[in-house]
Novice: 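Before we start, here is the structure in question, set down as C-alpha cells.
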Amino acid sequence: MKPHRFLPVTLRRAWLAALLCAGMPAQAQEAQQLFIGGSQGSSAGTYTYAGQIAPLEGARVGQGWFRKTVASWLTYRYDTDLAGLPVQARAGAAGIESGWGYAWDGEQLKADVSLSLGLRHTRLRPDALRA
C-alpha cells in the first residue's frame with residue numbers, strides 16, 4: 001500500500017481562515033494580540049495548532065474579554081481489521097474553532113474561561129473504514 005499524505009484542501013482552508021482572523025485588528029487600537037502555536041507528537045499521532053487571542057475593547061491580554069481563533073491539524077493511526085484482515089487505519093483531521101472568553105489576572109489567581117465553536121473534517125484511510 002502506498003503511503004497517503006494527509007494534506008486535503010480542507011486543511012489549507014482552515015489555515016487560511018485562521019490567518020485571516022489573525023490579521024483582523026482587535027476592537028481596541030491599543031490592545032495587543034497574542035499569537036499561539038505548538039505541536040506535539042507520538043508514535044501514533046500528531047497535533048499541531050496556531051491561533052490568535054485578541055483582547056476586546058477596554059481589555060488587555062490576560063485581563064478582560066477576548067476573542068480567539070485557532071486552526072489545528074490532527075493525525076493518528078491505529079490497528080484494526082477490515083473484512084477479517086488486519087489493516088492500519090490512518091486519519092488526518094483539519095480543524096478550526098473560534099469563540100470568546102474572559103480572563104482574570106490577580107496577584108494569586110490567573111484564570112480564564114471561554115466558549116468556542118469549531119469544525120473538524122476527518123479523513124480516514126482506507127476509505128472502506130468509513131462504512
Novice: What closest approach, in Å, do Pro55 and Gln33 show between heavy atoms, and which atom pair accounts for it?
Specialist: CD-CA, 4.4 Å
Novice: Between Asp105 and Lys110, what is the shortest heavy-atom contact and its length?
Specialist: OD1-NZ, 2.5 Å
Novice: Is there a side-chain contact between Tyr76 and Ser42, using heavy atoms and a 4.5 Å cut-off?
Specialist: no
Novice: Is a side-chain N or O of Arg77 found less than 3.5 angstrom from the main chain of Ala89, in a donor-acceptor match?
Specialist: no
Novice: Trp100 and Val113: same hydrophobic cluster, using ILVMFWY side-chain contacts below 4.5 Å?
Specialist: yes
Novice: What closest approach, in Å, do Arg120 and Leu74 show between heavy atoms, and which atom pair accounts for it?
Specialist: NH1-CB, 3.9 Å
Novice: For Ala91 and Thr122, which heavy atoms make the closest approach, and how far apart are they?
Specialist: CB-CG2, 4.2 Å
Novice: Kindly write out the residues that satisfy side-chain contact (heavy atoms from CB on, under 4.5 Å) with Tyr102, not counting sequence neighbours, or none if the list is empty.
Specialist: Gln63, Trp65, Trp104
Novice: Between CG of Leu117 and CG of Leu119, what distance do you get to the nearest 0.5 Å?
Specialist: 8.5 Å
Novice: Using side-chain contact (heavy atoms from CB on, under 4.5 Å) as the criterion, list what pairs up with Ser116, not counting sequence neighbours.
Specialist: Lys68, Glu97
Novice: Ignoring hydrogens and geometry, is there a side-chain-to-backbone donor-acceptor pair from Thr75 to Thr46 under 3.5 Å?
Specialist: yes
Novice: List the steps, then state whether side-chain contact (heavy atoms from CB on, under 4.5 Å) holds for Tyr47 with Ser72.
Specialist: CA-CA 7 Å; Tyr47 179 71; Ser72 62; 3.6 Å; yes
Novice: Test of understanding: with side-chain contact (heavy atoms from CB on, under 4.5 Å), list the residues that count as partners of Ile36, not counting sequence neighbours.
Specialist: Leu34, Tyr49, Ile53, Val70
Novice: Tell me the closest heavy-atom pair linking Val61 and Gln32, and the distance in Å.
Specialist: CG2-O, 3.2 Å
